[in-house]
2 protein chains.
Amino acid sequence: MAPKMTTSSYAVLALLDLKPWTAYELTNQAQRSLRYAWPKSERLLYSEPKKLVELGFATTHQEKRGGRTRNVYAITTEGRDALREWTHTRTQPPRLEIEALLRLLFADHGSQEDLLRALDEFESDIGEHHQAIVELMASYLDGGHPFPQRTHLSVLFATFQIEMFKTIEQWIEFARGEIDEWPATRDLGMTPRTETLTRLLAQDQSPLNP
Amino acid sequence: MAPKMTTSSYAVLALLDLKPWTAYELTNQAQRSLRYAWPKSERLLYSEPKKLVELGFATTHQEKRGGRTRNVYAITTEGRDALREWTHTRTQPPRLEIEALLRLLFADHGSQEDLLRALDEFESDIGEHHQAIVELMASYLDGGHPFPQRTHLSVLFATFQIEMFKTIEQWIEFARGEIDEWPATRDLGMTPRTETLTRLLAQDQSPLNP
DNA sequence: ACTTGATACTGCAACTTGCAGTATCAAGAT
DNA sequence: ATCTTGATACTGCAAGTTGCAGTATCAAGT
């Protein structure tokens with residue numbers, strides 16, 4: 001039976017449309033550019049191009065790079081047609097997996113230090129990428145975009161990421177302040193501070209930017 | 001071989017610590033409370049409690065509810081110990097899957113309308129939950145929290161969600177404005193507007209809240 | 001000559017999801 | 001009084017995805 005095109009298949013196909021890549025290069029590219037939109041494992045990025053070849057959406061040929069062979073994948077006309085079709089289909093709902101927030105929800109099983117450590121880890125994961133994006137933008141100003149005609153898309157996406165990261169970092173700082181006021185993690189319930197917070201949220205107001 | 005405890009296993013175990021549930025009730029609870037921290041399928045929420053029983057972290061007994069039987073799961077002392085251990089372990093990095101952003105990155109395969117539709121879908125997915133959280137907070141003020149002693153945790157988590165949703169909604173509005181200025185989706189490259197944006201981002205400044 | 005890190009790729013077990021299917025019961029519609 | 005609908009309750013299975021171990025070559029620095 002013919003394999004099925006998943007969203008991940010289209011993601012890889014769209015990368016192949018930029019230029020031919022080896023699976024190895026795809027893994028690097030996908031890690032860097034898709035990490036905060038459509039994160040995929042190295043393993044999958046090695047499998048997907050094969051599937052695309054089977055479907056006639058890509059071709060492959062071996063190249064010799066200093067004695068070692070490597071499989072280079074390129075998109076076909078059918079592949080480009082498939083990409084155009086894809087843009088008309090329904091988008092999947094967003095999905096956020098943030099274990100640090102799970103730790104927060106169930107923080108009453110550990111100490112405040114445990115919770116703060118989870119927030120630290122969250123912050124450093126986000127901070128790393130935040131910094132990388134800022135540096136990437138600086139490099140774009142020096143004409144460093146690998147596909148200059150696509151700069152408008154990359155930058156609008158980067159805007160999303162920066163806004164997101166800033167919000168998360170602000171919230172983490174705010175959360176630290178709240179947690180520091182706690183006498184414990186368990187059984188606090190509706191404290192005066194929590195009540196103030198709840199009132200703001202019930203009116204859809206931001207407690208961080210009042 | 002003994003099954004392995006995953007983060008999802010701990011999530012279920014933590015829910016069981018609140019009170020005994022049937023798998024069916026767990027699916028509802030997890031959908032409502034964990035959807036934006038640790039989203040899990042109905043199928044998994046039926047499987048995990050069985051695994052917990054096998055590990056000795058939960059017990060199960062059949063209840064008769066009007067002639068129909070149902071399996072109710074409850075946490076054990078060992079389960080509570082396991083939860084306490086869990087709080088000391090390393091947190092996994094966050095993972096955001098947002099197909100609408102993938103559509104943005106590769107918007108040059110479709111029309112502006114295609115891209116705007118993807119953003120609309122993104123907005124309505126977010127908006128639905130945004131509204132639900134606001135209403136939930138209003139209900140907390142009326143003493144509607146199912147586990148009142150845990151209100152401080154729920155509300156701090158809700159703060160995160162509201163901030164996140166607001167930021168996303170603001171960005172979508174901003175992105176619409178940008179896209180409306182485009183003459184096409186393809187080959188725009190570094191337009192004057194994009195350059196202004198890039199300059200701001202390279203200095204880690206928010207283009208939305210200048 | 002040797003170690004290290006980048007390049008390049010595969011096999012496999014385990015985790016997770018989506019979907020179809022099965023069945024009972026309560027409540028409202030006809 | 002029967003019928004439909006929606007909530008409750010659960011399972012099997014195929015397919016998508018990940019993590020990890022393993023294999024191998026090559027370039028560059030020690």
Side-chain angles (χ1 to χ4, degrees), chain A residues 1-13 20-32 34-35 37-55 60-73 90 92-97 99 102, chain B residues 1-13 20-32 34-35 37-55 60-73 90 92-97 99 102:
Chain A
M1 228 220 338
K4 199 197 150 194
M5 286 295 282
T6 63
T7 301
S8 302
S9 313
Y10 287 108
V12 172
L13 194 53
W21 313 79
T22 65
Y24 179 79
E25 290 165 334
L26 279 174
T27 61
N28 291 330
Q29 187 58 27
Q31 285 301 312
R32 292 200 310 107
L34 304 183
R35 181 138 151 42
W38 203 252
K40 286 300 130 186
S41 67
E42 195 197 355
R43 192 62 190 81
L44 190 77
L45 270 343
Y46 269 102
S47 306
E48 284 296 340
K50 289 187 181 176
K51 203 168 78 177
L52 295 176
V53 170
E54 207 183 325
L55 285 160
T60 180
H61 74 276
Q62 291 213 334
E63 261 184 25
K64 286 202 185 84
R65 184 95 150 194
R68 196 171 14 174
T69 61
R70 54 197 221 136
N71 292 306
V72 182
Y73 297 92
R90 179 46 162 122
Q92 287 171 43
R95 186 190 166 89
L96 316 187
E97 271 178 33
E99 200 189 318
L102 191 62
Chain B
M1 226 211 354
K4 197 197 152 195
M5 286 294 283
T6 63
T7 301
S8 302
S9 312
Y10 288 108
V12 172
L13 194 53
W21 313 79
T22 66
Y24 179 79
E25 291 165 334
L26 278 174
T27 62
N28 291 331
Q29 188 59 26
Q31 285 301 314
R32 292 200 310 107
L34 303 182
R35 182 141 151 41
W38 202 252
K40 287 298 129 187
S41 67
E42 196 197 356
R43 192 61 190 84
L44 190 77
L45 271 342
Y46 269 101
S47 305
E48 284 296 341
K50 289 188 181 176
K51 202 167 80 178
L52 295 176
V53 170
E54 206 183 327
L55 285 159
T60 179
H61 73 277
Q62 292 213 336
E63 259 183 26
K64 286 203 185 80
R65 182 96 149 193
R68 196 171 14 174
T69 62
R70 54 195 220 135
N71 293 305
V72 182
Y73 298 91
R90 180 41 163 126
Q92 287 172 43
R95 186 191 166 90
L96 316 186
E97 272 178 33
E99 198 188 321
L102 192 62

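Lettering of chains follows the sequences in order, A, B, ..., and the numbering in each one begins at 1.
Across all strands shown, the partner of dT22(C) is dA9(D), judged by Watson-Crick or G-U wobble contacts whose two distances both fall under 3.5 Å. Both distances falling under 3.5 Å, in either a Watson-Crick or a G-U wobble arrangement, place dC15(C) opposite dG16(D).
At the phosphate of dT16(C), OP1 or OP2 sits under 4.0 Å from a side-chain N or O atom of Ser8(B). Contact between the side-chain N/O atoms of Lys4(B) and the OP1/OP2 oxygens of dC15(C) is not found at any separation under 4.0 Å.
Taking Glu63(B) as the reference, His61(B), Arg70(B), Val72(B) meet the side-chain contact (heavy atoms from CB on, under 4.5 Å) condition, with sequence neighbours excluded. When the ring-ring contact (aromatic ring centres under 6.0 Å, His included) test is applied to Tyr10(B), the partners found at least two apart in sequence or on another chain are Trp86(B). For Pro94(B), the side-chain contact (heavy atoms from CB on, under 4.5 Å) partners are Tyr36(A), Ile98(A), Phe122(A), Asp125(A), Ile126(A), not counting sequence neighbours. With sequence neighbours excluded, no residue satisfies salt bridge (charged side-chain N to carboxylate O under 4.0 Å, His left out) with Arg32(B).
As a whole-Å value, the separation of Leu44(A) CG from dG11(C) P is 16 Å. The interatomic distance linking Gln92(A) (CD) with dT17(C) (P) rounds to 13 Å, in whole Å. Atom CG of Leu52(A) is separated from atom C1' of dG16(D) by 15 Å (rounded to the nearest Å). Rounded to whole angstrom, the span from the CG atom of Leu45(A) across to the P atom of dG16(D) amounts to 16 Å. In this structure, the CZ atom of Arg35(A) is 13 Å from the P atom of dT18(D), given to the nearest Å. Rounded to whole Å, atom P of dT16(C) lies 14 Å from atom NZ of Lys40(A).
Gln92(A) contributes no side-chain N or O that, together with a main-chain N or O of Glu99(B), makes up a donor-acceptor pair within less than 3.5 Å.
Among the protein residues, Pro49(A) comes within range of no part of the nucleic acid, since none of its heavy atoms lies under 4.0 Å from any strand. Counting non-hydrogen atoms under 4.0 angstrom, Gln62(B) reaches nothing in the nucleic acid.
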Sort me out a list of protein N/O and nucleotides 8-11 of chain D N/O pairs below 3.5 Å, or just none if empty.
residue	atom	partner	partner atom	Å
dT8(D)	OP2	Tyr24(B)	OH	2.1
dT8(D)	O5'	Tyr24(B)	OH	3.1
dT8(D)	O2	Arg68(B)	NH1	2.5
dA9(D)	OP1	Arg70(B)	NH1	2.9
dA9(D)	OP2	Arg70(B)	NH1	3.4
dC10(D)	OP1	Asn71(B)	N	2.6
dC10(D)	OP1	Asn71(B)	ND2	3.0
dT11(D)	OP1	Lys50(B)	NZ	3.2
dT11(D)	OP2	Lys50(B)	NZ	2.9

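Rounded to the nearest 0.5 Å, atoms CD (Gln29(B)) and CG (Leu45(B)) are 10.0 Å apart.
A salt bridge (charged side-chain N to carboxylate O under 4.0 Å, His left out) check over residues 38-49 of chain A, counting only residues at least two apart or in different chains, returns the pairs Glu48(A)-Lys51(A).
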